[in-house]
Amino acid sequence: MASDSMSQFVNLSALLTGISADKLVPPLSPSTVPQQIFATAQQQGGATFTQLLGVYADAVTQGKSDAQIAAAVFEQNGSDVCYLARSVMLAWYLGSWYDPKVLQAYNSPTPPPGPPGSTVLSAEAYTQGWAWNVAQAHAMGYSNYTFGYWSKPPPALADFTGAAS
Amino acid sequence: MSSAPSVYDVVIVGAGASGSIIAKQLGLAGKKVLVLEAGAGAPPNINAFMQRFYTSVAKTPESPYTPDLFTPPGSGDLTDPSTLAAGRPTVLTLRADNWQDPHQAYLIQQGPKAFASTYERVAGGTMRHWLGTSLRFLPNDFRMQTVYRQEVDWPLSYADLDPWYCKAEAEIGVSADTAEQSFLGITFPPGYSYPMQAIPHTLVDDAVDAATQGMTWEGLPVTVTGTPAGRNSQPYQNRRVCAGNTNCIPICPIQAKYDPSVSLNAALDTGNVTLWPQTVASHVRIADDGTVGGIDYLQYQQVTGPATAGGTAVGKIYVIAAHAIETPRLLLMSTNDGRYPDGVANSSGLVGRNLMDHPLYLAWALAPQPVWPYRGPLATAGIESLRDGEFRSERAAFRIEIGNEGWNFAIGDPDTTTVDFINGMNASGLNPPTAGGAPAALWGSALVAALNDGLSRQFRLGFLVEQSPESTNYVSLSDELDPLGLPRPAIHYDLSDYTKRGFVAARQVADAIFAKMGATQFTAAPAEGPTTFDYVVDGQPTRFRYFGAGHIVGTYRMGGDKDTSVVDTDQRSWDHANLYLVGSGTFPTVTTANPTLTIAALSLKTASTILQQLG
């Protein structure tokens with residue numbers, strides 16, 4: 001990735017999503033989904049996005065473990081950082097942007113009715129969503145498999161997700 | 001495009017399954033055909049449909065098609081149907097807070113319950129988002145009154161339809177095996193084979209099959225069989241082989257699944273068929289001799305209207321193929337200056353009556369081991385063995401569809417479960433509160449493991465319950481006008497006790513199958529709403545939710561005489577000798593199978609009759 005912040009973003013994303021960085025952003029991949037998620041998080045998160053990357057960078061510098069980093073993101077730097085991180089994770093998994101404030105509202109004692117609202121980032125973001133891979137499947141409406149594959153078990157989970165960084 | 005129409009041999013209203021199949025047959029025979037399509041015409045490819053589907057938050061059956069469900073597109077705000085020249089319903093307007101709001105829901109739902117199925121107004125029609133299920137009806141489906149003293153008989157028998165089923169299977173391109181489909185009285189002509197070999201089962205199918213070996217219900221075997229599919233198991237009609245996109249509804253991205261645009265394009269390729277899109281039939285004119293003399297239409301440029309042109313399409317023969325809600329709407333609108341106050345083709349008073357669906361009971365569970373859903377076609381097998389038996393004298397029958405899409409239909413997965421695990425919620429039931437009180441919010445490898453475990457074991461069963469025909473379930477004209485000045489359809493709908501008893505049995509069978517499998521059921525108890533009903537089961541009031549199956553049936557029924565039906569066995573109006581009303585609106589009963597193959601078979605039969613009539 002070109003920039004330090006993008007690199008940090010991908011590494012943080014790998015830690016939080018459990019998907020290896022080289023699977024999130026494969027070498028030489030023409031996909032622009034990582035840039036879409038980065039740009040959306042940056043635009044929607046504003047100063048909180050900068051803070052999120054800062055929390056991550058500091059923790060890495062301090063040699064903290066993955067669990068300590070996750071605690072820093074989710075528990076030790078305020079709800080804005082926590083829910084922006086969750087929005088980023090959902091963007092990788094589902095290709096949709098869930099507003100952090102909306103996610104926070106659903107964690108209240110009186111959550112709103114119905115599912116949280118969201119916006120699909122792009123057609124490609126939908127088809128490349130990681131939830132499908134974690135199911136060892138493919139996006140509904142986007143199969144690169146061939147006739148009859150469904151009558152046999154899928155490849156191993158690690159083939160989809162890589163070794164988490 | 002509406003300038004100076006000459007007299008066509010046949011004018012067809014609607015470019016869906018029936019209209020397209022009939023137009024193709026007539027075009028091939030050299031007849032001049034004009035097709036009026038209320039919605040957009042057939043695009044050169046489906047790229048725009050796919051893009052609209054991919055970027056739609058709510059990937060409903062209607063989501064790929066036009067006009068856009070949302071304004072602006074991609075938002076979550078429903079387009080106000082009162083602003084659309086050719087509106088149509090959506091499953092997103094079945095909530096307590098919007099099902100009767102004319103600015104949210106296209107159909108003017110009068111209750112007491114909501115009609116839950118939807119349809120399209122676009123070239124290719126509603127069948128653009130069909131599943132592909134191409135089952136034949138059972139012999140006893142055609143004689144419910146004779147055999148079980150329930151519902152009504154058809155004026156046709158299975159044997160009458162058998163040759164037309166064969167032709168329909170060729171037109172659609174059905175993949176199946178005759179030996180496997182020879183159940184409950186279904187037979188095939190000697191030496192007949194389906195156009196293509198059967199579609200392989202999924203691992204979900206195999207899991208249900210393994211667990212139900214030897215199982216019986218009320219003395220009947222519970223048997224998993226492959227489902228005849230209108231999707232390619234080998235190249236057919238210049239279309240590709242199924243790649244298991246798990247997206248038959250709402251759209252196959254590679255058109256391995258047949259849709260009526262295949263027949264429509266073949267019709268247009270004859271050079272004898274003309275399609276006028278964005279042309280809404282508004283009135284059927286009856287001449288002094290009682291025949292149809294023309295069909296008035298309105299054309300629009302913008303999806304919001306207004307009408308920018310209009311005229312009268314004139315042919316020798318007329319076919320209304322606008323599906324089971326818009327067809328009666330058009331007939332009822334056609335009062336001919338008061339000469340037909342109850343509408344055209346309606347001397348029986350049955351136009352619009354006996355609206356039916358397959359109200360669907362949905363049950364979902366986690367298998368004890370992975371069954372690998374979200375792979376393969378949406379459905380590849382089902383349980384057909386419970387479709388017929390003595391029980392039909394007491395309660396509705398059903399077929400069971402085994403779903404390959406996990407809990408996508410059931411709860412909107414994988415989204416719902418993913419949000420649950422990441423945001424510490426439990427809408428799916430898979431992330432119950434921990435000892436500390438709140439559902440866990442996961443990250444990293446624990447997130448991957450929890451999601452993989454949940455998603456890979458999901459499956460569901462859909463029970464398509466036979467709804468009995470009731471004259472109190474009907475389509476009428478509302479006081480709400482669309483931008484063309486035409487009254488929007490009003491719907492009056494409920495479920496009979498006979499149908500509800502079918503739901504009770506469906507629930508019991510679902511419970512029994514899940515128990516056999518060692519599966520953990522997650523079927524949610526529904527809150528009261530427009531698509532729920534309460535029924536006493538074993539002395540306990542029990543709430544059921546029904547979904548629409550998209551099988552809109554019965555509103556201009558076929559029968560043996562003009563007093564008790566609207567059309568004859570050729571789908572010709574008893575009242576007007578040059579008027580045919582086609583599609584599933586002619587079905588006297590909804591039967592125990594998905595309607596499309598029979599729609600196609602009857603359309604081919606009608607095309608043959610029209611050619612004879614034209615000479």
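Just so we're on the same page: letters track the sequence lines, and every chain starts at 1.
A:Y93 touches chain B through its side chain: at least one heavy atom from C-beta onward sits under 4.5 Å away, while N, CA, C and O do not. Neither the backbone nor the side chain of B:I254 comes within contact range of chain A; no heavy atom of the residue lies under 4.5 Å from a heavy atom of that chain. For B:P373, the part sitting under 4.5 Å from any heavy atom of chain A is the backbone (N, CA, C, O) and nothing else. For a residue to count as touching a neighbouring chain, one of its non-hydrogen atoms must lie under 4.5 Å from one of that chain's; by this rule A:L90 touches chain B with backbone and side chain alike. Residue B:T416: no heavy atom, backbone or side chain, is found under 4.5 Å from chain A. For chain A, no part of B:D205 is nearby; none of its heavy atoms comes within less than 4.5 Å. For A:L94, the part sitting under 4.5 Å from any heavy atom of chain B is the side chain, from C-beta outward, and nothing else.
Within the 4.5 Å cutoff, the side chain of A:L15 has no heavy atoms near those of the A:V73 side chain. Side-chain contact between B:H201 and B:I402 is absent, with no heavy atoms from C-beta onward closer than 4.5 Å. Using a 4.5 Å heavy-atom threshold, the side chains of B:P250 and B:F49 count as separate. The shortest distance between side-chain heavy atoms of B:P530 and B:L94 does not fall below 4.5 Å. Counting heavy atoms from C-beta outward, B:F409 and B:L378 have side chains that stay 4.5 Å or more apart. Residues B:L203 and B:D206 have side chains in contact (heavy-atom distance under 4.5 Å, counting atoms from C-beta outward).
A side-chain contact (heavy atoms from CB on, under 4.5 Å) with B:N431 is found for exactly one of B:T417, B:D420, B:V419, namely B:D420.
In terms of heavy-atom pairs under 4.5 angstrom with chain A, the leader among B:N423, B:D415, B:I251 is B:N423. Between chain B and the options A:Y142, A:Y106, A:F160, heavy-atom pairs under 4.5 Å are most frequent for A:Y142. Here A:N107 is the residue among A:N107, A:N144, A:L157 with the most heavy-atom pairs under 4.5 Å with chain B. Across B:V241, B:T418, B:V204, B:N404, the residue that shares the most heavy-atom pairs under 4.5 angstrom with chain A is B:T418. Each of B:C242, B:P253, B:S456 has some count of heavy-atom pairs under 4.5 Å with chain A, and the biggest count is that of B:C242. Your options are B:L455, B:I411, B:T55, and the one with the most heavy-atom pairs under 4.5 Å with chain A is B:T55.
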Please list every donor-acceptor pair under 3.5 Å in which a side-chain atom of residues 41-48 of chain A meets a protein atom from a residue at least two apart or in another chain.
none

Next on the checklist: Using the rule given for side-chain hydrogen bond (donor to acceptor under 3.5 Å, both in side chains), can you reason through A:W92 versus A:T17, listing the C-alpha separation, both sets of side-chain angles and the distance that settles it, and then say yes or no?
Outcome noted: CA-CA 8 Å; A:W92 285 109; A:T17 60; over 6 Å; no

Checklist entry - Should B:T79 and B:D68 be marked as a side-chain hydrogen bond (donor to acceptor under 3.5 Å, both in side chains) after you check the CA-CA gap, both sets of side-chain angles, and the distance that decides it? => result CA-CA 7 Å; B:T79 303; B:D68 273 291; over 6 Å; no

Checklist entry - Checking side-chain hydrogen bond (donor to acceptor under 3.5 Å, both in side chains) for the pair B:S63/B:S56: CA distance, chi angles, key distance, verdict? => result CA-CA 7 Å; B:S63 60; B:S56 177; 4.6 Å; no

Next on the checklist: Would B:T225 and B:E180 count as a side-chain hydrogen bond (donor to acceptor under 3.5 Å, both in side chains) here? Give the steps.
Outcome noted: CA-CA 7 Å; B:T225 50; B:E180 188 176 26; 5.3 Å; no

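Checked by atom type and distance alone, the side chain of B:N245 never pairs as donor or acceptor with a backbone atom of B:C252 at under 3.5 Å.
Side chains of B:Q255 and B:D259: a donor-acceptor N/O pair is present below 3.5 angstrom, by distance only. Using modelled atom types, one finds a donor on one side chain and an acceptor on the other under 3.5 Å when comparing B:T90 with B:E62.
A salt bridge does not link A:K101 with A:D99: every distance from a Lys NZ or Arg NE/NH1/NH2 to an Asp or Glu carboxylate oxygen is 4.0 Å or more.
Using a 30° and 60° split on the angle between ring planes, B:W364 and B:W407 fall in the perpendicular class, above 60°. Ring geometry, A:F49 versus A:F9: the interplanar angle falls from 30° to 60°, so the pair is classed tilted.
Of all residues in residues 126-141 of chain A, those placing a non-hydrogen atom less than 4.5 angstrom from a non-hydrogen atom of chain B are A:Y126, A:T127, A:A131, A:W132, A:V134, A:A135, A:Q136, A:A137, A:H138, A:A139, A:M140, A:G141. Using a 4.5 Å cut-off between non-hydrogen atoms, the part of residues 109-121 of chain A that approaches chain B consists of A:P116, A:S118, A:T119, A:V120. Proximity to chain B at a heavy-atom threshold of 4.5 Å picks out A:Y83, A:R86 from residues 80-88 of chain A, in numerical order.
For CD of B:Q369, the number of neighbouring non-hydrogen atoms (other residues, nucleotides, ligands) closer than 6.0 Å is 12 at most.
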